[in-house]
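Here is the structure we will look at, set down as structure tokens.
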Number of protein chains: 2
Amino acid sequence: MNSFNLLKSIAEAHPNLRKSEQKVADFVLENPNEVIHMRIVDLASEANVSEPTVVRFCRALNYDGFQDFKLTLAQGLASNTNFEQFSLNSKDTVMEFKEKIFDSMIGNLLNIKEQLDTETVESAIDSLAKARRVEFYGFGASAPVCTDAAHKFHRLKVSSTSYSDPHMQAISAVSLDERDVVVAISQTGRTKDLLHTVKLVKDAGTTVISLCPSNTPLSDAATIPIHIDLEEDKDLSTLMSSRVLHLVVIDVLAVGVAMKLGPGLIDHLKTIKRSLRSLRQNDKRLPLRKPSSSEEE
Amino acid sequence: MNSFNLLKSIAEAHPNLRKSEQKVADFVLENPNEVIHMRIVDLASEANVSEPTVVRFCRALNYDGFQDFKLTLAQGLASNTNFEQFSLNSKDTVMEFKEKIFDSMIGNLLNIKEQLDTETVESAIDSLAKARRVEFYGFGASAPVCTDAAHKFHRLKVSSTSYSDPHMQAISAVSLDERDVVVAISQTGRTKDLLHTVKLVKDAGTTVISLCPSNTPLSDAATIPIHIDLEEDKDLSTLMSSRVLHLVVIDVLAVGVAMKLGPGLIDHLKTIKRSLRSLRQNDKRLPLRKPSSSEEE
DNA sequence: CGCTAGGTGCATGTTATTTTCAAATTAAAA
DNA sequence: TTTTAATTTGAAAATAACATGCACCTAGCG
């Protein structure tokens, strides 16, 4: 992902560059799309510097040379289909904010994909796979995430429930012990009631996996903290993205558990849909549909 | 997007190429990521052909020369970070399936972003903005989506509820009329109970927005059908993606409604978090945190 | 069997990139 | 202010990469 931020990193490095190198930097920042088709001579003359300076500029940014730089730039521009944070203007058309919302979602997914620590996820999967019971706790916007998670783990034949009521959580919490696992989900990592419940279950020796930003009370309290750090909230981005990110991370956990418990289970996720088929309405006039491409509602 | 299909187009052109050019093609197809950092000499020797052949190969594919080809290839690879459908092998490492799950999610988002019909979305937003009450109906995996949606619309001061119990749906359904809107969410578009409820509310003149695949009974029954068609289910992809896609589409609707009801509401989505602050735990030893970057749970 | 056309690689020419080194500029000290 | 050292910059040469012309080879056809 170093290419992803190339332009940004040029801008950052800008002050540390030499005067004539800055000229190059300026030109590149202004016309990145031209640059990738330019030869070093062209770029040098356009930026009013000599060719060696261009090379030095590339080296200063830790590239092997001009070619390497150009290649990386090209990649950056291609991948960088601005999956950036968005900010909504009240005069955006539907088309525009639709794009913005999707792009920012995608950008956040890309970030978390990079960020997600594999080892932490592995140990989370381990403990989930061994658990006697799994409970998901979360409030507000995280409540539906918990429901969904419990639903998913159920299919893996893992005994699981979700609670978004602090009393229910507390009641359930005291019945858990070291054989169980709690997954605490929070966008803030600072919800008092959730922290309270987590303290309860930790006292009983239960493993607590957290899904929340790092350096938060919840993250600190968890046995296995999975950090979900979004970029600073530009507008509504955080609001919308976190729950989706939580869902996707839970998908990763679920698949991991499924694979651990036996390859058959992966199929089990799929086969359940058959038992649900009777709940479905087939098209009346059409011949029988091809094996449905869908699954449980 | 011509770069997007570069590898594919090489494969297509393959039979039309000369024998030695095919050797080049084969090598490129097998090691695209190496190629972009190779010099023409390396590629030539790796593919066991001469350098001119490599150039001819590039020309045959309508590029100016080797450089041009390499650049385009690099771009293609960058954008094309195979956001393709995945298929899980039971021997995948955590790292591997993590990537697969995220990539397939991103791929699906990109697809739906393209696919989502702006006009349909606009009219959905219109009716939602005018509605007296909005109700979200869905079962199984779609139930949490409904809860989340209701939650979100609540913040827009739109009176909304979600039901994932067929009886509750039916009871509530008969109380609606043409001033109300129902959003029916389904991954299959064929859930009998949901179809039944939809029939009830349609009889009362209520607008029904559906989120489900096209050409399904639900989609046909809806007043405003929003089509969510995923690629044929490769493994678990559909299973995991649809609910996330539904959530994101609902985000789009919610933002649209917020913008329609008045720009203040966009802020309202954000300001609610203040009222929730008291539910949070601040770090005990640290000075007061900077204005929290988070929001309601 | 020989001829022709298309395909291939060698060797060379051309162009682009990198390095070297000296000039110039700037900063620092006297 | 002048001198000196250090850093920055560009000119030119060297190197490496790429493209092209041409000759050779192979295969297909008469």
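Protein chains get the first letters and strands the later ones, always in sequence-line order, with residue 1 at the start of each. A quick note: this is a predicted structure, and the numbers were derived from the prediction, not measured.
Rounded to the nearest 0.5 Å, atoms CE (A:Met38) and CG (A:Asn33) are 11.5 Å apart.
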Given side-chain contact (heavy atoms from CB on, under 4.5 Å), test B:Thr118 with A:Thr93 step by step and report yes or no.
CA-CA 10 Å; B:Thr118 310; A:Thr93 66; over 6 Å; no

Apply side-chain contact (heavy atoms from CB on, under 4.5 Å) to B:Val248 and B:Ile112, showing your working.
CA-CA 10 Å; B:Val248 178; B:Ile112 299 297; over 6 Å; no

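A sub-4.0 Å separation between OP1 or OP2 of C:dG9 and a side-chain N or O of B:Thr53 is present. Look at A:Arg56 and you won't find any side-chain N or O under 4.0 angstrom from OP1 or OP2 of C:dT17. Contact check, B:Arg18 against C:dA5: no side-chain N or O comes under 4.0 Å of OP1 or OP2.
When the nucleotides D:dA19, C:dT17, D:dG10 are ranked by their closest atom to the side chain of A:Ser50, D:dG10 comes out on top. Among the nucleotides D:dA19, C:dT17, D:dG10, the one closest to any side-chain atom of A:Glu51 is C:dT17. Here the side chain of B:Lys19 is nearest to one of C:dG9, D:dC18, C:dT8, namely C:dT8. Among the nucleotides D:dG10, D:dA19, C:dT17, the one closest to the side chain of A:Ser20 is D:dG10. Looking at the side chain of B:Val55, the nearest of the listed nucleotides D:dT9, D:dA19, C:dT19 is D:dA19.
With rounding to whole Å, A:Asn48 atom CG is found 20 Å from D:dT8 atom P. What separates CZ of A:Phe57 from C1' of D:dT9 is a distance of 16 Å, to the nearest Å. Note: CZ (B:Arg59) to C1' (C:dG7) measures 16 Å, nearest angstrom. Computed from coordinates, the A:Leu71 CG to C:dT17 P distance equals 13 Å when rounded to whole Å. Rounded to whole Å, the distance from CG on A:Asp68 to C1' on D:dA17 is 15 Å.
With salt bridges taken as basic N to acidic carboxylate O contacts below 4.0 Å, none links B:Lys100 and B:Asp103.
Taking the nucleotide of DNA chain D with the nearest heavy atom to each of A:Lys23 and B:Asp64, the more 5' of the two is matched to A:Lys23.
The side chain to side chain contact (heavy atoms under 4.5 Å, CB included) with B:Phe57 is formed by just one residue from the set B:Thr53, B:Val55, B:Leu61; it is B:Leu61.
Residue A:Gln67 is in sugar-phosphate contact alone, with no base atom involved, counting any heavy-atom pair closer than 4.0 Å across all strands shown.
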